[in-house]
Amino acid sequence: MLNYIDNLKDERVNCYSVLLVTTIKKYLEFIETVYAKKGGIEGQRSALKTKSAQRIRKRLIDDLNRGTVIPPIVLGIKLDDNVFDQFEKNIPENATSLLDKINIEEQVSIIDGMQRTTALRDAMLLKDFNAERPIRLEMWIAKSTNSLIYRMLVLNSGQIPWNIRRQLEVVFKQLKKELENNVNGLELFDGDEQISRKKAGQFQSSQFIELFMLFGTKRISIDIQEELAEEFARLDIIETSGNDDFTEFFFGVSQMLVNLDEAFSNLTSNESDVVLNKFKTGKHIFSSHPARAGFIVAAAQEIFGLPGMEFLKEKQREKFTKLQKGINDFYELLISKKDNQKELFEIIDLPTLDEQIDLKASKVGEFERNYFLKSFKTLFELAKDNSLQNLTPCWRSSH
């Protein structure tokens with residue numbers, strides 16, 4: 001049973017903050033599936049291994065058993081557009097029945113209150129613990145995933161607990177579904193096990209989390225071990241994800257990547273006497289995570305501007321539209337040659353790519369990411385001017 005208290009609308013990112021009261025028992029019952037299936041909570045336990053952190057949690061459990069009141073636990077709920085519109089019509093009434101009408105496992109995330117939820121679960125094991133005591137919940141209800149991401153990062157700014165990747169994983173399970181619905185041909189694998197790509201458009205879900213982060217920060221890599229870098233990255237993502245068009249642009253750029261992956265994958269043979277070491281077929285280009293990272297960041301910088309700057313929204317839209325057209329035109333060129341391996345081989349020019357990427361470097365991963373960033377920046381420049389005939393100048397642009 002949920003009892004409604006009040007609601008406020010966040011005009012900044014078009015979502016509602018709804019305050020409710022329920023019992024500890026009821027909360028833990030309906031949140032169980034989110035807790036059990038990642039939900040970000042299990043991963044949080046790694047932050048509780050220090051002695052001081054364990055003492056803090058033990059104190060919280062003791063306090064709960066003695067009747068303490070904890071701050072509201074914040075849930076993020078993503079609704080479809082039509083459901084969101086219906087919800088707005090009578091929020092007090094609809095808020096109390098909302099959790100009975102949605103798929104909690106797919107549409108609900110705990111965006112602030114992981115440790116409190118773990119402490120509540122542990123407290124339930126104590127003898128004579130009163131599970132019928134009331135607890136406050138704050139539900140952030142939105143129809144855009146990036147609104148929830150924006151809220152979560154703002155809520156957690158200034159706190160130590162979670163790094164950005166862990167925070168984004170909480171909401172990414174909802175974004176994953178949106179991505180696959182909006183990007184034709186995209187298939188994201190769950191879990192960290194390495195699954196070999198059988199066709200274009202197949203990627204690890206965890207790797208797309210990083211691409212999402214890179215798109216938000218407009219940087220080719222994020223050293224999340226460095227506290228200062230972490231905070232700057234957080235601010236960059238907060239700023240970018242607060243943009244109403246952010247997820248639309250990310251979906252669009254992801255579609256460009258998947259389309260090119262499909263077109264490149266049509267090249268299945270080596271039409272030269274050159275021995276290819278790393279990039280032996282077209283599918284191998286975006287099998288490389290540094291290549292994917294370079295593509296995503298080059299697109300982000302093209303659309304939003306370099307890190308530390310931000311184009312006006314009208315200019316962002318203009319740049320996105322122009323980039324989209326240029327890449328689509330190049331995609332059509334590649335597709336028109338799908339049955340001609342020789343011509344396709346000449347356009348993609350794997351020998352030049354394979355030769356350039358084979359250069360020795362002390363930090364191979366960093367070298368490859370920066371190499372592809374420069375290469376795809378050149379690709380975008382040529383594609384926008386409709387002067388892209390082959391990828392040779394792109395592969396050579398770093399040297």
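- The side-chain heavy atoms of L126 and L64, taken from C-beta on, include no pair separated by under 4.5 Å.
- For an aromatic pair to be called close, the ring centres must be under 6.0 Å apart, and F286 with F264 satisfies this.
- The ring-ring contact (aromatic ring centres under 6.0 Å, His included) test with F249 is passed by exactly one of F320, F212, F311, F215: F320.
- Taking the charged nitrogens against the carboxylate oxygens, D329 and K325 do have a contact shorter than 4.0 Å, which makes a salt bridge.
- The side-chain contact (heavy atoms from CB on, under 4.5 Å) test with I348 singles out one residue from N266, T392, T281, L267, and that residue is L267.
- Taking both residues in full, the closest heavy atoms of N182 and Q255 are given as O-OE1, 3.7 Å, listed atom of the first, atom of the second, then distance.
- Salt-bridge annotation for R369 and E210: present, with a side-chain N of the basic residue lying under 4.0 Å from a carboxylate O of the acidic one.
- Remark: side-chain polar atoms of E180 are paired, donor with acceptor, to backbone N or O of L188 under 3.5 angstrom.
- A heavy-atom distance below 4.5 Å is not found between the side chains of T217 and P307.
- Taking 4.0 Å as the cut-off between side-chain N and carboxylate O, K218 and E302 do not count as a salt-bridged pair.
- Here the side chain of S272 pairs a donor or acceptor atom with the backbone of V274 at under 3.5 angstrom.
- Here the side chain of E343 pairs no donor or acceptor atom with the backbone of N340 at under 3.5 angstrom.
- Proximity of a side-chain donor or acceptor of Q341 to a complementary backbone N or O of S269 within less than 3.5 Å is detected.
- Looking only at distances, no side-chain donor or acceptor of T378 sits under 3.5 Å from a matching main-chain atom of S397.
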| Stepwise, does the salt bridge (charged side-chain N to carboxylate O under 4.0 Å, His left out) test hold for R197 with D261? | CA-CA 11 Å; R197 290 187 347 129; D261 189 27; 2.7 Å; yes
